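Since the model is a prediction, treat every value here as computed from it, not as a measurement.
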Amino acid sequence: MADDSSSPKATEIKLSDDPFANGDALVLKPKKKKAKEKSLQYGKAKTHKKMKTSKKESMDFEDSGDRRLQLDVKEELKEDPDFVVHGKGKKRKRKTDHTDGPSSTSEAPLLKKKKKVVKDEGQMNLATEKKKKKEAKDKVKKEEGDRPVSVKKKSKEEIEAARALKLKKKEEEEKQRWRWWEEEKYEHGIKWKFLEHKGPYFPPEYQPLPDDVKFYYNGKAVKLNPPAEEGALFFAQMLDHEYTTKEVFRNNFFRDWRKEMTLEEKQLITDLNKCDFGELLVMHKQRVEARKNMSKEEKQVIKEANQKIVEEYGFCVLDHHRERIGNFKIEPPALFRGRGDHPKQGMLKKRIQPEDVIINCSKDSHIPEPPAGHRWKEVRHDNTVTWLASWTENVQGSCKYVMLNANSKLKGEKDWEKYEVARRLKSCVDAIRAQYLEDLKSKQMGTRQRAVALYFIDKLALRAGNEKEEGETADTVGCCSLRVEHITLHDTLDGQKFVVEFDFLGKDCIRYYNKVPVIKRVFKDLKLFVEKKQGGDDFFDRLNTQLLNKHLSSLMAGLTAKVFRTYNASITLQQQLQKLTNKTDNMAEKLLSYNRANRAVAILCNHQRAPPKTFDQSMANLQAKIDSRKEQLALAKKELKQAKKDGKGSSDNKLLTLVEKKKKAVQRCEEQLLRMEVQATDREENKQIALSTSKLNYLDPRISVAWCKNIEVPLDKIYNKTLRDKFAWAIDMTENDFVF
DNA sequence: CGGCGCACTTAGGAGCTGCAGG
DNA sequence: CCTGCAGCTCCTAAGTGCGCCG
C-alpha cells in the first residue's frame, strides 16, 4: 500500500516518477487509459457492476476506511478523557528558535521573478483567448439548437416557448456578464476605483410575544422586558437541540441573558432550571408549521418581497459594473453556536445597530443612507480593501464584513490567482521536496522540524496550524500546532514499518484520523521530537506558521502552507481523472469516475459531512427500486425470448416488429438498472464525504472544464448554476488541452 | 521581532425547494 | 397531482496569512 505510486499523497516516492515532473510534457488526452497503470486506491475504475464500494477505495495511508467512522466517534470523543487533553492554563504561544531562521540562501534560484509571472500567464494572449472563447460559445449555441425538443404529451408549443425563453435569458445573462478576465489588472493593492451601494440590510426589530404566550419562572408567569424576552425566545427555539443540554451552553446563555434583564428580573430569575420556556417553544413550532402550510399565493408574496430586498440591497456598482453582494444582510441576534466544545457556546450575539457599522464606498458615490433616526459608525473610502461594510461582533470580538459574491470580479480574480500560484508550485515542487528531504538531516532542530512539518503538509495536505488563544475557541490543531498527544509512533503496525498514527481535531472540530507509513528519516526525527515531552506539549516546539511561511516564500514567491493543499488537490483530480475515465464509458460511468476523482481529493483534504439522517432509509429505497427493476428486466427478457420464438421462421411483420420492440424494452431496462446501480455505488461511497468543499475551493475549475470538453460531458452535469457563475472565467478561457 | 488585529478564504450544517417518481 | 428527498442556497463559524506597531 505504502508504495502505491498512484497515490496523490505518496510524495516521497514520487519525487522522480511524477508524471508531471517535467511540466507541460503531459497533455490530458481523451484517450484510453494507460493499460498498465498501477491500480489506484479507488479500485476498479471500470467494473461498474457490483462495485462493492467502501473498503476498496481507501487511500493508501488510510487504514481500511477508518476515516469513515470518524463522525460516529465524534461524540464519544468528547467524553473521552484520554483524548481531549486540555491545555495547561496559558496561551499556547511558543518561544521561537532564533538560531535557524529561514536564512539559507541556496534556494534563491527557485524564486525567479515573481508577480510578473502571474501577470503574464494571466493576461497572456488576449487576442487568441478571445477568439477561442468565441468559437467555443458558438459551438455551444449550435449544439443547443440542434438538440431535439423534449417530447412531452402536453402542449408542445408551450414547452418550446418556455425553452426558448430560458435560452434567451441565458444569452442575455451571458451578454451582461462582465468579462473582467479580459481586462488589464489594476496596480498592486488597488481593489476598485468606484464603489457604490445601499449599505447592509438590517434584520427586522424584535416583536414582543403575544399576551397569551407566557414565560414562567418557578411556576409563576413573568412578563419580561423585550430584550430579556427576546433572549428567552432564542433559548426556547433551541430547546429541541442538544446544545441546550450542555452545561457550558446553559451557563453562558444564562450569564448573558441576565445582562438583558431589569434589576427586578435579575433578582427574581437566578436559576435557569426554574425557567419554563414551554409556551415559547410551542409558539415557535406553530409559527414554523404555519409558514410551512402557507398557500402558494402567500408564499409567492413573501418570495417577491425578498426579491425586492435583494434587488435593492443585494447589488453594488463596482467600476461601472453591477455586482452581486455575497452577504448584504446583517447577522441577526442569536445565541452563539460554536462548533465542537466551544467555550463560548450559548453566549448572546447582540443585535447590530447602524451605529456599529462602518461603511466603505467611493467618496463620489451616493453614500448609503442609514436607517431613519440612525447614524453610521463611520464612512470611509478605502479602495485597498474589498469590503462594503463591517462591524465587530461581540462574542469573539472579531470583525465581520459585507463582501461581494463569488461570481464577482474581486473574488474571481483572486481565485484565479490562487490557482496560478498553485500551478507555479507544480513547476518547482520537485526542488522543494528535495530540499525538505535534505533538511530532515539538518543539525538545526528548527530546520528539521520545519522539514517534517512540510513533509506532512505536502503528503497529507494538513492545514498550517496557527496558534490559537486558549479558552477562546475549541481545542483544534493543524500541522504546526500539533501536540505530542495527537501522534502515536509505531515501529511496525499491521506489517508496515514506521507508521505514524494521527488523531486530532482539525478545523470545525472535524476529526483527522490516519495511519501513515513514513520514510525512515522522518520517523527518526519524530522520535527525536517527542523525547522528554508530555502529551500536552507542542510537537514542533521550534516551529510556527510564520517561520514556516517565511521559509516557503523564500523558495517561491507567494508560496505559503495552504498552497500545498490547493496544489495537491488539483493535481490529484487531474491524475485521477486521467486514470479513471474512458471516452467509451457511458454518461453515468463518466460521472461516477468524476465523482470518484473528486472523492479522492475530498478524502485527502479530510472533507467530511454527517451522514444524511435519512441515509439508510433512502439507500434501502434505492435498493428496492433496483430489485424491482431487476425483476422487470427478467420479465422483459422472457418476453423477448417468447417473441423471438413466435417470430422465428415467420415473415409476419407484426411479429418481427414485436421482437424489435421487446429488444428495445430489454435494452432500456438494462440501462436504467445500470444507472441506478451506479447511483447506489456513488451514494454509498459518499456517505460521509463532502465533495462540495473541494469543488468549490481547491480544484482548479479549468481541469474540470477541459475534462468535460474532452470526454464530452456537458458541464452542467458536474457544475450547478452557482458553480458555473463562480467559474465563468475558467469556463470561458479553458481549451481542451488545458493542463494544470 | 513578536504580538495583534485586519482582511479574506475555507468550512459544515440548517433549512428550503423543485422535481423525479409513484 | 402529491410527496419525499437530493441538491441547492444561505448562514456564519473557523481557519490562514499579512502587515503594522510598539
Rounded distance (Å) that lies between atom P of B/dG3 and atom CD of A/E470: 16 Å
Phosphate OP1/OP2 of C/dT16: any A/K468 side-chain N/O under 4.0 Å: no
Any A/R463 side-chain N or O less than 4.0 Å from OP1/OP2 of B/dA11: yes
Residue met sooner reading DNA chain B from 5', once A/K411 and A/R291 are mapped to nucleotides: A/K411
Closest to the A/N720 side chain, choosing from B/dG12, B/dA7, C/dC8: C/dC8
Phosphate contact (C/dA14 OP1 or OP2) by A/T473 side-chain N/O below 4.0 Å: no
Which residue lies more 5' along DNA chain C, comparing A/R324 with A/K400 via nearest heavy atoms: A/R324
A/H342 side-chain N/O to C/dA14 phosphate OP1/OP2 under 4.0 Å: yes
Nearest-nucleotide pick for A/K418, side chain only, options being B/dT9, B/dT10, B/dA14: B/dT10
Touch class at under 4.0 angstrom, heavy-atom based, for A/G506 against every strand present: sugar-phosphate
OP1 or OP2 of C/dT9 under 4.0 Å from side-chain N/O of A/K329: no
Worked verdict on A/Q300 versus A/E304 for side-chain hydrogen bond (donor to acceptor under 3.5 Å, both in side chains): CA-CA 6 Å; A/Q300 188 58 28; A/E304 274 162 23; 3.0 Å; yes
Atom-pair distance (CD on A/Q396; P on B/dC6), nearest Å: 14 Å
Ring-face cation contact, A/Y186 with A/K409, 6.0 Å cut, 45° max: yes
Distance below 4.0 Å between A/T560 side-chain N/O and C/dT16 OP1 or OP2: no
A/S390 side chain near B/dC6 phosphate (N/O to OP1/OP2, under 4.0 Å): no
Phosphate-side-chain proximity, A/Q546 and B/dG2, N/O vs OP1/OP2 below 4.0 Å: no
Proximal nucleotide (of C/dA13, B/dA11, C/dT12) relative to the A/D508 side chain: B/dA11
Euclidean distance, atom CD1 of residue A/I689 to atom P of C/dA6 [Å, nearest integer]: 17 Å
A/K562 side-chain proximity, nearest of C/dT16, B/dC8, C/dT9: C/dT16
Given B/dC8, B/dA11, B/dT9, the nucleotide with the shortest approach to the side chain of A/W387: B/dC8
side-chain N/O A/R565 vs B/dA11 OP1/OP2, d < 4.0 Å: yes
Sugar-phosphate, base or nothing in reach of A/K344, heavy atoms under 4.0 Å: nothing
A/L559 or A/A334, whichever maps to the more 5' nucleotide of DNA chain C: A/A334
A/I510 CD1 to B/dG13 C1', straight-line distance once rounded to whole Å: 10 Å
Nucleotide nearest A/A561 when distance is taken to its side chain, options C/dG17, C/dG15, C/dA13: C/dG17
A/K191 side chain near B/dC8 phosphate (N/O to OP1/OP2, under 4.0 Å): yes
Pair A/K377 + A/D356, salt bridge at N-O below 4.0 Å: no
Listed nucleotide nearest any side-chain atom of A/N466, set C/dG17, C/dT12, B/dA11: C/dG17
Check: A/E378 side chain, A/I358 main-chain N or O, donor-acceptor pair, under 3.5 Å: no
Among B/dT10, C/dG17, C/dA14, the nucleotide that comes nearest once only the side chain of A/R339 is considered: C/dA14
Distance below 4.0 Å between A/R683 side-chain N/O and C/dA6 OP1 or OP2: yes
Nucleotide of C/dC18, C/dA14, B/dG12 approaching A/T693 most closely (side-chain heavy atoms): B/dG12
Polar contact flag, side-chain donor to acceptor under 3.5 angstrom, A/N595-A/N686: no
Between B/dA11 (C1') and A/K507 (NZ): distance, integer Å: 4 Å
Pairwise 5' ranking along DNA chain B for A/H607 and A/R337, keeping only the more 5' one: A/H607
A/K350 atom NZ, neighbour heavy-atom count above 12 within 6.0 Å: no
Criterion side-chain hydrogen bond (donor to acceptor under 3.5 Å, both in side chains) on A/N407 and A/E323, from CA distance to verdict: CA-CA 8 Å; A/N407 67 7; A/E323 294 259 58; over 6 Å; no
Whole angstrom value for the distance that separates P of B/dC6 from OH of A/Y401: 6 Å
Salt-bridge present (A/K292, A/E289; N to O < 4.0 Å): yes
Atom pair distance, as rounded to whole Å: CG in A/N327 and P in C/dA14: 17 Å
Sugar-phosphate, base or nothing in reach of A/S398, heavy atoms under 4.0 Å: nothing
Sugar-phosphate only, base, or nothing, as touched by A/K299 at under 4.0 Å among non-hydrogen atoms: nothing
A/N697 side chain, from C-beta outward: closest of C/dA13, C/dC18, B/dA11: B/dA11
Rounded distance (Å) that lies between atom P of B/dG2 and atom CG of A/L543: 14 Å
